[in-house]
Amino acid sequence: MNYKPDPIDTSKVNLTTEHLKITELLAKNTHEIWAKQRISEGWKYGKNRDDAQKLHPGLVPYEELPESEKEYDRVISMGVIKTLLAIGYRIEGSETTTEKTATVDDSNLSLILESLKKSSQLNLKSLQTIRRETINLHLRYPEIFRILGEYILKLGEPLMAYDILSEGLKEWPNDIRLQQLLALSLARIGATQRANNLLLELVNSGKNDQETISLLARTHKDLWQQASSPEESTQQIALAAQRYQQAYQMSKNYYPGINAATMTMLMGDAETAKAIAVEVRGKCLAELPPVSQRNENDYWLLATLGETALILGENSEAEDWYGQAAEKGKNRFGDLSSTRRNATLILEYRQGDINWVKNCLPISRVVVFSGHMIDEPGRTIPRFPPEIESQVYEAIRDRLIQLDARLGYASAAYGSDILFLEALSELEGETHIVLPHERENFLKESVDIIPNSNWRQRFEQVLEKATEVIIPTHYNLEQSNIVYEYTNRILYGLAKMRAQQLETELIPMAVWNQQIGGIGGTARAVEFWRQWNNNVEIIDIQQILESVMTNKVEIVNKVSTTPTSLQLTSTPEDKNHLIMALLFADVKSYSKLKENQISLFVEHFLGAVANFEAKSDYKPVMKNTWGDALYYVFSNVRDAGLFALELCNLVQSTDWEKVELPASLNLRVALHTGVVYKYTNPITGMTSYSGTHVSYAARIEPITPPGKVYSSQAFAAMVASEGVKEFTCDYVGQTSLAKSYGTFPTYHVRHCGGG
């Protein structure tokens, strides 16, 4: 039989909370129609089905059905809704619809979400939309937050998961599952010590269940890998093995069991590790369904069987199990990354080939992109004429397929950017967009250029499909491309952070004519990438153009009458607008100083800061102070970060009581990076820096805890972009800044290995 089912593709359909509510109504109605038909045929309720006597246990009100039956109706109903949306229909309600959907409470929404999660009908965009909408529903139960957190973590988005879980914990601060998932999101973000502290608090408060103990063990495993001394390394690996074994003895569950086996092997006890692995393998095989019945919910069973085989030295069997796990876990980047980490540890311990496991458990590469815009009408020497759009699109798509790259970071200008985003969407990839400035200005400057074209519509479509859209600068600088330069660096940093989280490869890709260009352009992006990455992919648009000109004379006649030699252009540098790192600091307890302590503060506190700065290796290009506030400007994020951390250490290590100042004297330090205006102050005659990014940095400082250094997302991205190794930026969450400035992603800056 050659029949191959070919249903309508609904994978790109984005769902909302209203769609979930309609699903429940349709599921109930489907049951009512079925029940009415059966009753009309003479069927009656019976505890057990009997076709001869026409008895059926399902002839009860929908609310009394077992969840397995409701789940079947929900999945069918959601399939209908997604199909209608996929083929272009819209679902519009009335007042009557609103009244009916209002009866669907959040406990039912949780069950619908759980059903969809099991049937793999949710994508990241839908999860984001549902997350935003659930916040305003005044939920009575925490289940929705749990389900969203679990699923978003599974898809490899720990920052997004952290935000939704934090929102849930505001309402249910003692919910153990939300706390566990928050700790897992912290661990996957890289905030290992925070995750460890949270889990230790749970254990010390009596939460000694196997899941909490297992997660605590995972953080000790991470701390072992991050250890800066042999003593710390020995301590952390022992704690990891001990906690995993404790959880396994409590539950006999395969998850802590396989980790106990792996950590025991890494400690050098191969025989005990193999004994545990054999036991775990038996448990997994007993639970594993037949091949024909397996689905994505069997991912961890298959992955664990792969790891047991690896511990037992059965590499070919491990390869088979890992291959099956990878097939069931497609796009579960977070889970794949976790599985690959353990396999890599085992192979490194045995001095095996770690590339082997990368092939078994492939994780999509992350691509950061830049490319030329399509030529404006009237351009004399062509670079990217509209006639070669399809060839450029095919080249981008083919290169993405070749690289197995499905996670992309780009801007959204007409031409190469939009083609890249469209190609990723065609490949069911995930897109992250950074716009240089506000949407309307960007449309005017970088999208609505060619008359009677469809670029604006396509721009709106790629933004609608994007996983996230970030606008780091909320203004446009006319006659300056510095904000585009800033955007390119932020893009690279965000992409690098994502690649590091997933432990996959970052690939910069450009559609470029290989000619020099101006600030903020593709040539400058490539130049910047090559400082940090040897693997830059170039789609040579000049070659594509020459190929088309050779083969299609009519296009040559349209764009040029002579062979092209693309002109070299270079936009002049903007010497007044610069990308700088900004530091704001404020002194805790300054307002409590008595009048006679002001002079002591000036002499000892400000004096100590001045002496520190004079001796520091990290020199600011500008400094200012007023009252207890400090303002510094640095030429790069590395200097700003190290200066901030050492300044905090100075303040916290000084005994202020010795000089008759409050012992509680401390600093709150905020860091940001952005485009600022450099000028000579007409009043003071001093060089200064100003602009909206300075105001933004100042708003972070009031929400920073005393003794800590907090930063913006832009600063964290630039730290990653420039390969800073001395300190790290741990995600804190979406934080409301001072003076109603808005809510933005915020990071805790700390020394690597420090708190």
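Worth knowing before you read on, the calculation uses all heavy atoms, side chains too, and leaves out hydrogens, waters and symmetry mates.
- A heavy-atom distance below 4.5 Å is found between the side chains of L407 and L502.
- For the atom pair CZ of R458 and CG of L419, the computed distance is 5.5 Å after rounding to the nearest 0.5 Å.
- Judged purely by distance below 3.5 Å, without hydrogens or angles, the side chains of Q226 and T192 pair a donor atom with an acceptor atom.
- For the pair N533 and Y492, the minimum side-chain heavy-atom distance is below 4.5 Å.
- A salt bridge is defined here as a Lys NZ or Arg NE, NH1 or NH2 lying under 4.0 Å from an Asp or Glu carboxylate O, and R406 with E428 fails to meet this definition.
- Side-chain atoms of Y409 do not come within 3.5 Å of backbone N or O of I433 as any donor-acceptor pair.
- Rounding to the nearest 0.5 Å places CD of E157 at 9.5 Å from CZ of F333.
- Using a 4.5 Å cut-off on side-chain heavy atoms (C-beta onward), Y486 and H693 make contact.
- No donor-acceptor distance shorter than 3.5 angstrom exists from the side chain of Y710 to the backbone of T746, with no hydrogens or angles considered.
- Considering only heavy atoms from C-beta on, F420 comes within 4.5 Å of L400 through its side chain.
- Counting only heavy atoms from C-beta outward, the side chains of Q501 and P158 approach each other to under 4.5 Å.
- Within the model, atoms OG of S688 and CD1 of I683 stand 11.0 Å from one another, a figure rounded to the nearest 0.5 Å.
- Going from atom OG of S453 over to atom CG of D448 covers 7.0 Å, rounded to the nearest 0.5 Å.
- Shortest non-hydrogen contact noted between T704 and A670 is OG1-CB, 4.4 Å.
- At distances below 3.5 Å, at least one donor-acceptor pair connects side-chain atoms of N488 with backbone N or O atoms of G520.
- Formation of a donor-acceptor pair under 3.5 Å by the T487 side chain with backbone atoms of V483 is found in this model.
- Panel note: side chain H372, backbone N513; a donor-acceptor pair is recorded below 3.5 Å.
- Side chain of K358 to backbone of R340: no donor-acceptor contact under 3.5 angstrom is found.
- The one candidate from Y747, Y696, F715 that meets the ring-ring contact (aromatic ring centres under 6.0 Å, His included) condition with H672 is Y696.
- Note that NE2 of H432 and OG1 of T467 are 4.5 Å apart. Values are rounded to the nearest 0.5 Å.
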Before you tell me yes or no, could you show the steps for F369 and I396 under side chain to side chain contact (heavy atoms under 4.5 Å, CB included), namely the whole-Å CA-CA distance, both residues' side-chain angles and the distance that decides it to 0.1 Å?
CA-CA 10 Å; F369 181 84; I396 293 171; 4.2 Å; yes
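- Residues N535 and P508 approach most closely at O-CD, 3.4 Å, considering heavy atoms.
- Proximity of Q713 to I470: side-chain heavy atoms (C-beta onward) are separated by under 4.5 Å at one or more points.
- Here R489 does not pair with E527 in a salt bridge; the nearest charged N to carboxylate O distance is not below 4.0 Å.
- Here I418 contributes atom CD1 and N454 contributes atom CG; the two are 9.0 Å apart, rounded to the nearest 0.5 Å.
- Between D730 and R750 a salt bridge is recorded (basic side-chain N to carboxylate O distance below 4.0 Å).
- Between E438 and K444 no salt bridge is recorded (no basic side-chain N to carboxylate O distance below 4.0 Å).
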Show the numbers, then the answer: is there a side chain to side chain contact (heavy atoms under 4.5 Å, CB included) between F459 and Y414?
CA-CA 7 Å; F459 168 82; Y414 81 113; over 6 Å; no
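- Salt bridge R399/E537: present, at least one basic N to carboxylate O contact under 4.0 Å.
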Should M509 and V368 be marked as a side chain to side chain contact (heavy atoms under 4.5 Å, CB included) after you check the CA-CA gap, both sets of side-chain angles, and the distance that decides it?
CA-CA 6 Å; M509 180 189 295; V368 59; over 6 Å; no
Check step by step if side chain to side chain contact (heavy atoms under 4.5 Å, CB included) holds for R188 and L153.
CA-CA 9 Å; R188 290 191 175 178; L153 278 169; 4.0 Å; yes
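- Between the side chain of W529 and the backbone N or O of W532, no donor-acceptor pair lies under 3.5 Å.
- Between Y689 and Y677, a ring centre-to-centre spacing not shorter than 6.0 Å is recorded.
- Across A405 and S364, no two heavy atoms sit closer than the pair C-OG, 3.4 Å.
- Between the side chains of E426 and Y393, a donor-acceptor pair is found at a separation under 3.5 Å.
- Sequence neighbours left out, the pairs with a member in residues 631-643 that pass salt bridge (Lys or Arg N to Asp or Glu O under 4.0 Å) are R638-E726.
- Shown here for I450 and P377, the closest heavy-atom pair between the two residues is CG1-CD, 4.3 Å.
- In terms of heavy-atom proximity, L671 sits nearest to V749 at CD1-CG2, 4.3 Å.
- Between the T504 side chain and the Q500 main chain, no donor and acceptor come within less than 3.5 Å of each other.
- Between K623 and E613 there is a salt bridge, since a side-chain N of the basic residue sits under 4.0 Å from a carboxylate O of the acidic one.
- You'll find the ring centres of F643 and Y632 inside the 6.0 Å limit.
- Put simply, the side chain of Y484 does not reach to within 4.5 Å of the side chain of S411, judged on heavy atoms.
- Two residues are said to be in side-chain contact when any heavy atoms from C-beta on lie closer than 4.5 Å; V637 and E722 meet this criterion.
- Across every non-hydrogen atom of L545 and R383, the tightest pair is CD2-O, 4.1 Å.
- Within the 3.5 Å criterion, the main-chain N or O of K154 finds no donor-acceptor partner in the side chain of R332.
- Side chain of R668 to backbone of K708: no donor-acceptor contact under 3.5 angstrom is found.
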